[in-house]
Every structure is written in C-alpha cells, then in structure tokens.
Chemist: 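Below you will find the structure I want to go over with you.
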Amino acid sequence: MRLHVADHPLIDHKLSVLRDKETPSAVFRQLVDELVTLLAYEATRDVRTEEVEIQTPVAVANCRHLADPRPIVVPILRAGLGMLEGMTRLLPTAEVGFLGMKRDEDTLEVETYANRLPEDLSGRQCFVIDPMLATGHTLVAAIDYLLERGARDVTAICLISAPEGVKQLEESVGERANVTVVTAAVDDHLNEHAYIVPGLGDAGDRLYGIVD
C-alpha cells in the first residue's frame, strides 16, 4: 500500500476552513468539492491512457486520452456523495458505482446496506471516495468488495486520515492489490469514540445536517 499526503498551500488553506466548527454547511460543501478536485489531480496521476491520432485545424497530432475500460468512481454513502462532483469534474467519462456503509457506534463494525457495483471490475482502475479514514474498517470493507469483483488497482481519496486507519488498511490489504491512499492530512490519533483528532467532526453531519 502507498500513502500520498498531498502537499499544497491551497489544500492547507481549504482544510483549515473545513476544520473550523463555525464553518456553515453551505461553505463546508463548497470547500469539500474544491478540495476533492485538488486531491483528485494527485490521485489520477497514474490513470491509464492510450495514444490517439487527432486532426487539429493545422495538422495531425499524436495525443493521449483515457484508455478503456473506463475508470470507476465509488463514493461511500452518505458522506462520500459530497465528494462525487469534485471527482467527476476531473474524470467526467468515469463510471460511478455506489456503496452504502455505516459504522455501528457501539461495536464499530461496518454494516453494508447498499451495493451498486458492476459484477466484474477486472482491469478497471477504481477510485473510492470517503471523507474520513478513521478506524479503516469501512475503507477495508469497501476495498474488499472491489477486490472480490476482480479489481487490482484501487485508489482511495480521503480528506483526513488517522494513523490507526492507515495501519489497519495496510495490514488488511497486504499484497493482494495495488492500493494507494491520497489524503490532505494524517492527523494525530483517534479518540475513545473513534473520531479523528483534531479532525473536523462528523463529515456527513457537517455536509448534510444531523439525521436521527
């Protein structure tokens, strides 16, 4: 597994505003969208392309465009939806799948309640988007779904990560696939409630409000 912490002044600035508890939901959503686009630029550095011959108004040009099969973007519901537009803005031809997952707050176990993925992901580059890599259990479960369907090239894009989650993912994935995590920051630790510290709170609640 490879970990890439994106280092850019604009990423640092936007992340500082996201962390502020006084930032309203509307601004939070806009900043998440902008931040994901910046992270997606880093995450797609190795996206596969192929040569193509293009007729310009002046001459023939040898260029490159995205190779088939198309990449697939997989937001983890519900918070991952807030990252989808920023990702597809950079990869407009990508296919989109969905995984609905939630963590039991008592046991910290992951429950899957929705799955809209192609049955065969062989040869596909997969981009999983989820704002927080905390315990790592949700992301491990999501990547397992992709690997079971034949994926071997997975990139996870997370706004903030915890060292415990990074370690859990590294240990769980092992050598089974080429997995990369692209994140804006690796924070200090998880608290007793498995929240990232200092973090930014519950990303889903800050994006969409609290749902009882």
Side-chain angles (χ1 to χ4, degrees), residues 1-7 36 39-49 67 69-77 79-80 83 87 91 94-197 199 203:
M1 192 200 84
R2 185 173 72 94
L3 174 67
H4 176 72
V5 181
D7 181 18
V36 170
L39 292 176
Y41 181 80
E42 295 293 331
T44 55
R45 188 172 295 276
D46 295 323
V47 70
R48 287 194 292 269
T49 61
R70 293 181 295 163
I72 182 168
V73 178
V74 183
I76 298 178
L77 307 179
M83 302 171 67
M87 189 70 193
L91 277 177
E95 190 175 355
V96 178
F98 296 93
L99 276 175
M101 294 178 155
K102 63 180 180 178
R103 185 179 68 183
D104 186 294
E105 297 302 327
D106 296 321
T107 66
L108 302 183
E109 293 297 316
V110 177
E111 301 173 7
T112 302
Y113 61 87
N115 172 12
R116 295 290 294 173
L117 292 173
E119 287 300 318
D120 185 7
L121 291 171
S122 302
R124 303 284 291 272
Q125 287 182 292
C126 303
F127 296 90
V128 182
I129 49 178
D130 194 18
M132 316 295 281
L133 172 52
T135 64
H137 295 152
T138 300
L139 193 53
V140 167
I143 290 174
D144 281 344
Y145 266 102
L146 302 179
L147 299 187
E148 288 168 5
R149 285 158 177 76
R152 291 296 177 267
D153 188 343
V154 181
T155 298
I157 302 173
C158 305
L159 303 181
I160 296 179
S161 301
E164 294 92 334
V166 173
K167 181 180 179 181
Q168 175 69 31
L169 184 61
E170 191 170 21
E171 292 176 349
S172 299
V173 172
E175 301 300 321
R176 291 185 295 154
N178 176 27
V179 174
T180 300
V181 175
V182 177
T183 187
V186 177
D187 278 11
D188 190 66
H189 67 281
L190 296 177
N191 66 15
E192 64 274 17
H193 302 294
Y195 275 81
I196 299 175
V197 179

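Numbers here simply count residues along the sequence, with the first being 1. Since the model is a prediction, treat every value here as computed from it, not as a measurement.
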Chemist: Less than 4.5 Å apart, any side-chain heavy atom of Val140 and any of Gln168?
Modeler: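 Counting from C-beta outward, Val140 and Gln168 do come under 4.5 Å.
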Chemist: Could you pull out the closest heavy-atom pair between Ala156 and Leu139, with the gap in Å?
Modeler: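 The answer is CB-CD2, 3.7 Å.
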Chemist: Which heavy atom of Ala134 sits nearest a heavy atom of Ala162, and at what distance?
Modeler: O-CB, 3.8 Å
Chemist: In Å and rounded to the nearest 0.5 Å, what is the CD to CD distance from Glu119 to Glu148?
Modeler: 10.5 Å
Chemist: Any chance the side chains of His189 and Glu164 put a donor and an acceptor closer than 3.5 Å?
Modeler: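 No donor-acceptor contact under 3.5 Å links the two side chains.
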Chemist: With rounding to the nearest 0.5 Å, note down the distance linking CG in Asn115 to CZ in Phe98.
Modeler: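 Those atoms lie 12.0 Å apart.
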Chemist: Should Arg176 and Asp144 count as an ion pair when the cut-off is N to O under 4.0 Å?
Modeler: yes
Chemist: Nearest 0.5 Å please: distance from the CZ atom of Arg149 over to the CZ atom of Arg124.
Modeler: 13.0 Å
Chemist: Search all heavy atoms of Pro75 against all heavy atoms of Gly97 and return the closest pair with its distance.
Modeler: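 Answer, listing the atom of Pro75 first, then Gly97: CD-O, 2.9 Å.
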Chemist: Does the side chain of Arg2 come within less than 4.5 Å of Val181's, by heavy atoms?
Modeler: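 Counting from C-beta outward, Val181 and Arg2 never come under 4.5 Å.
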Chemist: Can you tell me if Arg116 has over 12 outside heavy atoms packed within less than 6.0 Å of its CZ?
Modeler: no
Chemist: With heavy-atom distances below 4.5 Å as the criterion, would you say the side chains of Asp130 and Leu159 are in contact?
Modeler: no
Chemist: Rounded to the nearest 0.5 Å, what's the gap from CZ on Arg70 to CZ on Arg48? Could you check?
Modeler: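 That separation rounds to 14.0 Å.
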Chemist: The criterion is side-chain contact (heavy atoms from CB on, under 4.5 Å); which residues satisfy it with Thr44, sequence neighbours excluded?
Modeler: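 Listed in chain order: Val47, Met87, Leu90, Leu91, Phe127.
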Chemist: Distance from Asn178 atom CG to Cys126 atom SG, nearest 0.5 Å?
Modeler: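 Those atoms lie 11.0 Å apart.
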Chemist: Which pairs count as side chain to side chain donor-acceptor pair (under 3.5 Å) when at least one residue sits in residues 150-161, sequence neighbours excluded?
Modeler: Gln125-Asp153, Ser161-Thr183
Chemist: How long is the straight-line distance from CD1 of Ile76 back to CE of Met132, given to the nearest 0.5 Å?
Modeler: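 Going from the CE atom of Met132 to the CD1 atom of Ile76 covers 13.0 Å.
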Chemist: Say whether, by atom type as modelled, one donor and one acceptor occur between the side chain of Arg45 and the main chain of Tyr41 under 3.5 angstrom.
Modeler: no
Chemist: Quickly, which of Leu3, Leu190, Val186, Leu133 forms a side chain to side chain contact (heavy atoms under 4.5 Å, CB included) with Pro163? Name it, please.
Modeler: Val186
Chemist: Side chains of Ile129 and Val73: does their closest heavy-atom pair fall under 4.5 Å?
Modeler: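 Side chain of Ile129 against side chain of Val73, heavy atoms only: contact under 4.5 Å found.
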Chemist: List the residues meeting salt bridge (Lys or Arg N to Asp or Glu O under 4.0 Å) with Glu170, not counting sequence neighbours, and say none if there are none.
Modeler: none
Chemist: Measure across Ala43 and Ile157 and return the closest heavy-atom pair with its distance rounded to 0.1 Å.
Modeler: CB-CD1, 3.5 Å
Chemist: Which one of Val179, Ile72, Val74 satisfies the side chain to side chain contact (heavy atoms under 4.5 Å, CB included) criterion with Leu146?
Modeler: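 Testing each of Val179, Ile72, Val74 against Leu146, the sole residue satisfying side chain to side chain contact (heavy atoms under 4.5 Å, CB included) is Val74.
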Chemist: With a 4.5 Å cut-off on side-chain heavy atoms, are Val128 and Val154 touching?
Modeler: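 SC-SC contact between Val154 and Val128 confirmed.
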Chemist: Is Asp120 reaching over with its side chain to a backbone N or O of Ser122, donor-acceptor style, under 3.5 angstrom?
Modeler: yes
Chemist: Is there a side-chain contact between Met83 and Leu39, using heavy atoms and a 4.5 Å cut-off?
Modeler: no
